[in-house]
Amino acid sequence: MLRPLCLFGYAASVAAQFGIEHTQYGTSPPVYPSPQISGTGGWGAALEKAQAFLAELTTEEKAQIVTGTAGPCVGNIGPISRLNFTGLCLQDGPLAIRQAIYVSVFSAGLSTAASWDRPLARQRGAYMGAEFKGKGAHVALGPVVGPLGRSPFGGRNWEGFSPDSYLSGVLVEESVMGIQSVGVQACTKHYILNEQETQRNPSVDSNGTQIEAVSSNVDDKTMHETYLWPFANAVRAGTASVMCSYNRINGSYGCQNSKTMNGLLKDELGFQGYVMSDWLATHTGVAAIEAGLDMDMPGGIGFTTPTPTYFGANITTAVNNGTLSMDRVDDMVLRVMTPYFHLNQDADYPPIDGYTQRLGFFGPGPYPFNYTIGNIVDVRQAQHAQLIRDLGAAGTVLLKNSNGTLPLKAPKNIGVFGNDAADFTRGEYSLALSGAGLADGNYDIGTLAVGGGSGTGRFPYVVSPLEAIKARGRSYGADVQYITDNQFITAGGLAALAPTPEVCIVFLKSWASEGADRTTLIAEWNSTAVVNMTAALCNNTIVVLHGAAPNTMPWRNNPNVTAILAAHMPGQESGNSIADILWGDVDPSGRLPYTVANGESDYSKNLVNSTALATTTDPNAWQSDFVEGNLIDYKEFDARNASVAFEFGFGLSYTTFNISNLQIQVSSSNASRTPNPAAPIQPGGNVELWATLATVSVNVSNTGTVSGATVPQLYLSYPKEANAPVRSLRGFEKVALSPGTSGTLNFPLTRRDLSYWDTTAQQWTLPTGGIKVYAGFSSRNLPLQGTLNV
């Protein structure tokens, strides 16, 4: 039976946040036992194969299946040769096979979100999955919807999609289906409320006292309506696994919180796969297992020798002494093996690539198991590079375009400035965690195509913006002047230019990586001075931003800054992607998946990061109360009716579009307020939540002179009883149209889309009043309105 995630419901004071005592904002009631896999939702045949496999295992082998061990991959499950099981290879990450060579580095989740393009998101997943499979990786450690992006300063937001739960939910669903369409297991991460890097893991003070990881304290309504929402989409898409997170949740570590793993994920959402720990995120053995953890990663150096893992031989001991039931261990094994059979990974799966063992988490070996390791193979394909180029362009958002500056009209003298324009000077691999003191390829000189940490990739090459612009200029005889040293620019280096360029393109960047949160939302390396000095010289200055987002832009209203492009993290084809936009080969169809505020201080920082906490001796001092509830990003600005620089969903094109003729059709005007509790629970939850109850349609037309694409968006405003944000995104679709043509778009609305979470009823509940419907081209450009009653 599901129990509520209790809410004490007060806004904690600053003193309570940072002091010795803290009354927790939310609590997680215990939910036991861990629900067993049922095979529902199309998993039945694979479950039968897993059950037959389970019947052949010894207790020690069962423990082996759920315990990471040393091997050639970043995570490894040891093989059992007598059963022709070659083990499992788990590899980072959400945009590339991080530790491999001869692979592609795809656009980051941030760029995918900015594209608002469902087919591209799914194709990206399929192409990434194909490369993982070619390298012998059974599990891709991605996609990411945690962090969701509660704070714009979050260091890993770029790995995921958007702070909007609906947009992230759609894109994670497409990504999971894409990855798994080629037979690779997706691992959706990091579950859940993993919203800051600061104190994400426990630390030890000078006296040897363990200071626990930050506790994300959340109420039941916020959990369901914001943070759990995209994970429900991933589960519905059939994600094979879910990775639990480092942080605590309402005081309990994420990888041993029974409410989130047993209650929400496995029971309410009907999850059929397995929960694996983030690397070294397991802090107990039996307690974590009973709370719903199915696999410990990375485990230890070997199964039969003393190891740091809480699983392994400890499971065998616990079963033998009666502290852990064999039924629970069997369910863990079935949950691990069912996706393996479901995706036909038992049939002629490629061997582990011969190079990855040189870079594995545990080093080059020897290992306690004999893995099937093959040759070094090149898994890149031409269509993969083209997809990266296309998605990099699709994820670029045109924010300003004064005087028809763009697209460029074959200027004969082009200036390129800024340290983000150039090729790398420190190598092509950005593994370094922020603050780790390791050399990093994207500091100072060098374009920023993806971020750092475990979510990065080893570039086979990168096309820098300068390289692509020089090539484009050569194609029609243009001169390209360039300075890529920001310090030299701000010291007066622009004086050496002759003649003054017809157009100056300034490339800025914002570094972000696993391990630390961002300290500023202004592009780094003295970017403001670089822009202002360039614009003082050149009255036709275009600014392009790469890297983490959002960025505030103190120079955005400078009249000499005639165009602004947010190019995000486009991957290895970065320069080609931006050149395609600059010269108009591709219409800019990207839209903001976040809000750009007027200034940094306009955002609620939503990070616990205090100098007082840096020296605390209180083990439980790090508490983060999510008192803002669902009001993050545009929902926060709407609640305050605050002005912004560029709103969520905004983006310009090289053509113009019109939206008209809003129509609402309701499937049933007397729908029950809550789904039938007796309806089946399948992956994603109660099946009635996914039934379409209404459809909204609009007409869209291209009223300009060139072909282009736009993203009509649908927002809902719920009656007062829902205690909901002013507006919430509930539909979007990218549509490409040639000049003078139009089309009709349909937005199906499910019961979940139309409902709010009732904490008393513990159900998704349809409001009794009318729901306001808005359609347009951004969260604040919504010319069409209507009312929907269900």
Side-chain angles (χ1 to χ4, degrees), residues 393 396 398-425 444-449 462-510 523-547 551 553-567 570 574-585 588:
T396 296
L398 179 61
L399 297 175
K400 181 179 181 180
N401 193 22
S402 303
N403 307 319
T405 295
L406 295 176
L408 296 177
K409 301 167 183 66
K412 295 294 286 184
N413 196 299
I414 303 167
V416 178
F417 308 109
N419 62 351
D420 178 65
D423 206 343
F424 301 141
T425 58
D444 199 4
I445 308 298
T447 194
L448 182 55
V462 68
V463 179
S464 71
L466 179 57
E467 176 186 349
I469 291 171
K470 287 197 292 185
R472 186 61 66 101
R474 285 195 301 269
S475 71
Y476 62 88
D479 292 337
V480 179
Q481 303 181 72
Y482 51 93
I483 301 173
T484 60
D485 186 322
N486 283 12
Q487 185 175 357
F488 183 70
I489 291 171
T490 56
L494 295 176
L497 298 174
T500 300
E502 296 173 50
V503 58
C504 296
I505 311 173
V506 179
F507 287 87
L508 310 179
K509 62 182 177 179
S510 296
E524 294 147 324
W525 292 278
N526 208 11
S527 67
T528 299
V530 170
V531 173
N532 288 338
M533 295 185 76
T534 304
L537 171 76
C538 184
N539 64 5
N540 188 20
T541 296
I542 299 167
V543 181
V544 180
L545 298 110
H546 280 124
N551 291 112
M553 307 165 193
W555 34 261
R556 72 183 185 280
N557 293 323
N558 186 321
N560 287 350
V561 174
T562 54
I564 303 172
L565 291 153
S574 176
N576 287 332
S577 295
I578 196 63
D580 288 343
I581 293 289
L582 290 171
W583 271 270
D585 299 337

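What you see is a predicted model, and the numbers here were worked out from it, not measured in a lab.
- When the salt bridge (charged side-chain N to carboxylate O under 4.0 Å, His left out) test is applied to D585, the partners found at least two apart in sequence or on another chain are R472.
- Atom CD1 of I489 and atom OG of S527 lie 11.0 Å apart (nearest 0.5 Å).
- Annotation: side-chain hydrogen bond (donor to acceptor under 3.5 Å, both in side chains) contacts of N560 (sequence neighbours excluded): none.
- Defined by atom type and a distance below 3.5 Å, a donor-acceptor pair is present between the side-chain atoms of T405 and T562.
- For R556, the salt bridge (charged side-chain N to carboxylate O under 4.0 Å, His left out) test picks out no residue, with sequence neighbours left out.
- Put simply, the side chain of T534 gets close to the backbone of V530: a donor and an acceptor are under 3.5 Å apart.
- The salt bridge (Lys or Arg N to Asp or Glu O under 4.0 Å) contacts involving residues 398-413 comprise nothing, where partners must be two or more places apart or lie in separate chains.
- Not a single side-chain hydrogen bond (donor to acceptor under 3.5 Å, both in side chains) links E467 to another residue, sequence neighbours left out.
- Evaluation of the side-chain hydrogen bond (donor to acceptor under 3.5 Å, both in side chains) test over residues 483-497, restricted to residues two or more places apart or in two chains, returns N419-N486.
- In this structure, OG in S464 is found 9.5 Å from CG in N576, a value given to the nearest 0.5 Å.
- Remark: T528 pairs with I522, N532, P554, W555 by the side chain to side chain contact (heavy atoms under 4.5 Å, CB included) rule, at least two apart or across chains.
- The structure places CZ of F507 at 8.5 Å from CG of L565, a figure rounded to the nearest 0.5 Å.
- Going from atom CG of L398 over to atom CD1 of I564 covers 9.0 Å, rounded to the nearest 0.5 Å.
- Residues that satisfy the side chain to side chain contact (heavy atoms under 4.5 Å, CB included) test with P499, not counting sequence neighbours, are N413, Q481.
- With contacts defined as side-chain heavy-atom distances shorter than 4.5 Å, the pair T447/H546 qualifies.
- In summary, the side chains of S510 and N551 do present a donor paired with an acceptor at a separation below 3.5 Å, with no hydrogens or angles considered.
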